[in-house]
Amino acid sequence: MPLRPPATGIKKVTVGSDKGMIISFNGQSSELSQDDSVTYDMNNIADYGGRITISPANGGSLAIKSIKRGYGTPVYNGSLEISSREKGLIIINEVTMNEYLYSVVPSEMPSTYEKEALKAQAVCARTYAYRQIQGNAYGQYGAHVDDSTSYQVYNNITEADSTTTAVKETYGQLLFTAGGELAQTFYYSTSCGVGSDATVWKTQAAEEID
């Protein structure tokens, strides 16, 4: 299930792994050792048919060494698909829903918060993700969301035991409206101690509240 969206406009990407990688393209594959890394740019990606898939070997993970996050070099579960478009390379991280949430929840809420708060955040984040899958905004790329505040921040903070536990203990739990639809679980990560009402959306419903 591709959940992390394309990072677009990138000109070069370097990927490594702690336990080796399997590179697949045009029906072929090759395995690299844990000491190897690969670099692709707009020119050499064409040698692989314009699209490659990198999977971790031996239960490992993948690091994009050419990108920096809040905690340094980002490490990803699942596989990475790299393809070329007119404006640059597109990177898609294909992960399970749980693997996605393991990185979303600590990126959106401090992992030191109380367990029940983290569990509530996990349910909101899961519901939000499923809503985006239904919306299919990035269908042209074969993805569902991006990894920024435009959707949910993904992998800006490293995974933590407390947030991973919260995701596991709420496995499959979603929020629904009274009509049986997936709820719109909007939330914010920074409030300065003061919340707001529905007028922030500037919709007809919000105007009626006034």
Side-chain angles (χ1 to χ4, degrees), residues 1-108 125 128-129 132-133 135-160 189:
M1 177 183 300
L3 279 165
R4 182 183 183 254
T8 58
I10 294 174
K11 303 303 181 183
K12 180 183 293 186
V13 58
T14 299
V15 180
S17 177
D18 56 345
K19 294 185 179 180
M21 300 176 290
I22 299 172
I23 314 296
S24 303
F25 60 94
N26 291 338
Q28 306 176 56
S29 64
S30 60
E31 185 167 347
L32 302 180
S33 73
Q34 65 186 46
D35 298 323
D36 291 332
S37 62
V38 289
T39 299
Y40 299 100
D41 58 28
M42 292 292 292
N43 294 320
N44 65 17
I45 196 73
D47 298 335
Y48 298 90
R51 182 188 303 270
I52 63 147
T53 299
I54 306 175
S55 303
N58 308 308
S61 54
L62 300 172
I64 302 183
K65 299 181 178 181
S66 51
I67 294 177
K68 295 299 180 183
R69 294 286 171 151
Y71 63 93
T73 301
V75 177
Y76 296 93
N77 293 308
S79 63
L80 295 173
E81 180 184 282
I82 303 172
S83 59
S84 61
R85 294 292 176 97
E86 182 179 352
K87 294 183 179 180
L89 300 177
I90 295 172
I91 305 171
I92 296 176
N93 178 206
E94 184 168 344
V95 289
T96 66
M97 177 63 77
N98 265 15
E99 289 171 331
Y100 172 68
L101 295 175
Y102 292 160
S103 291
V104 166
V105 176
S107 295
E108 292 284 3
Y128 184 91
Q132 304 316 309
I133 291 173
N136 199 32
Y138 281 109
Q140 61 182 321
Y141 300 110
H144 296 111
V145 293
D146 72 24
D147 57 359
S148 73
T149 54
S150 295
Y151 288 85
Q152 298 185 118
V153 177
Y154 170 69
N155 210 2
N156 192 52
I157 301 296
T158 190
E159 296 177 17
S189 62

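- Between the OG atom of Ser55 and the CD atom of Glu31 there is a distance of 10.5 Å, given to the nearest 0.5 Å.
- Between Arg51 and Phe25, the shortest heavy-atom contact is O-CB, 3.8 Å.
- Of the possible polar contacts, none joining the Asn26 side chain to the Gln28 backbone as a donor-acceptor pair under 3.5 Å is found.
- Between Tyr76 and Asn155, the shortest heavy-atom distance links the atoms CE2-ND2, 2.8 Å.
- Applying the side-chain hydrogen bond (donor to acceptor under 3.5 Å, both in side chains) rule to Ser61 yields no partners; only residues at least two apart in sequence or on another chain are considered.
- In this pair, Tyr138 and Tyr151 present their aromatic rings tilted. The plane angle is within the 30 to 60° band.
- Here the side chains of His144 and Asn136 are in contact, with some heavy-atom distance below 4.5 Å.
- Here Glu81 contributes atom CD and Leu89 contributes atom CG; the two are 12.0 Å apart, rounded to the nearest 0.5 Å.
- The closest donor-acceptor contact from the side chain of Asp18 to the backbone of Gly60 lies at 3.5 Å or more, if one exists at all.
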Next on the checklist: Between Thr73 and Lys68, does the side chain to side chain contact (heavy atoms under 4.5 Å, CB included) criterion hold? Intermediate values first, please.
Outcome noted: CA-CA 5 Å; Thr73 301; Lys68 295 299 180 183; 3.1 Å; yes
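- Separation of atoms CD (Glu159) and CG (Asn77) is listed at 5.5 Å; rounding is to 0.5 Å.
- One finds the CD1 atom of Ile91 at 12.0 Å from the OH atom of Tyr40 (value rounded to the nearest 0.5 Å).
- Nearest heavy-atom pair, Ser17 versus Leu62, reported as atom, atom and distance to 0.1 Å: CB-CD2, 4.0 Å.
- Distance alone, capped at 3.5 Å, places no donor-acceptor pair between the Ser107 side chain and the Tyr154 backbone.
- Of all the heavy atoms in Asp36 and Met21, the pair that sits closest is O-CE, 3.8 Å.
- In plain terms, the two heavy atoms of Ile45 and Met42 that are nearest each other are CG2-O, 3.7 Å.
- Looking only at distances, a side-chain donor or acceptor of Glu108 sits under 3.5 Å from a matching main-chain atom of Val153.
- Pro106 and Leu101 make their closest contact through CD-O, 4.1 Å (heavy atoms, listed as atom of the first residue, atom of the second, distance).
- For the atom pair OG of Ser79 and CD1 of Ile22, the computed distance is 11.0 Å after rounding to the nearest 0.5 Å.
- Between the side chain of Asp41 and the backbone N or O of Asn44 there is at least one donor-acceptor pair closer than 3.5 Å.
- Taking CD1 of Ile82 as the reference point, atom CD1 of Ile52 lies at 4.0 Å (rounded to 0.5 Å).
- Here the side chain of Asp146 pairs a donor or acceptor atom with the backbone of Ser148 at under 3.5 angstrom.
- Using modelled atom types, one finds a donor on one side chain and an acceptor on the other under 3.5 Å when comparing Thr39 with Thr14.
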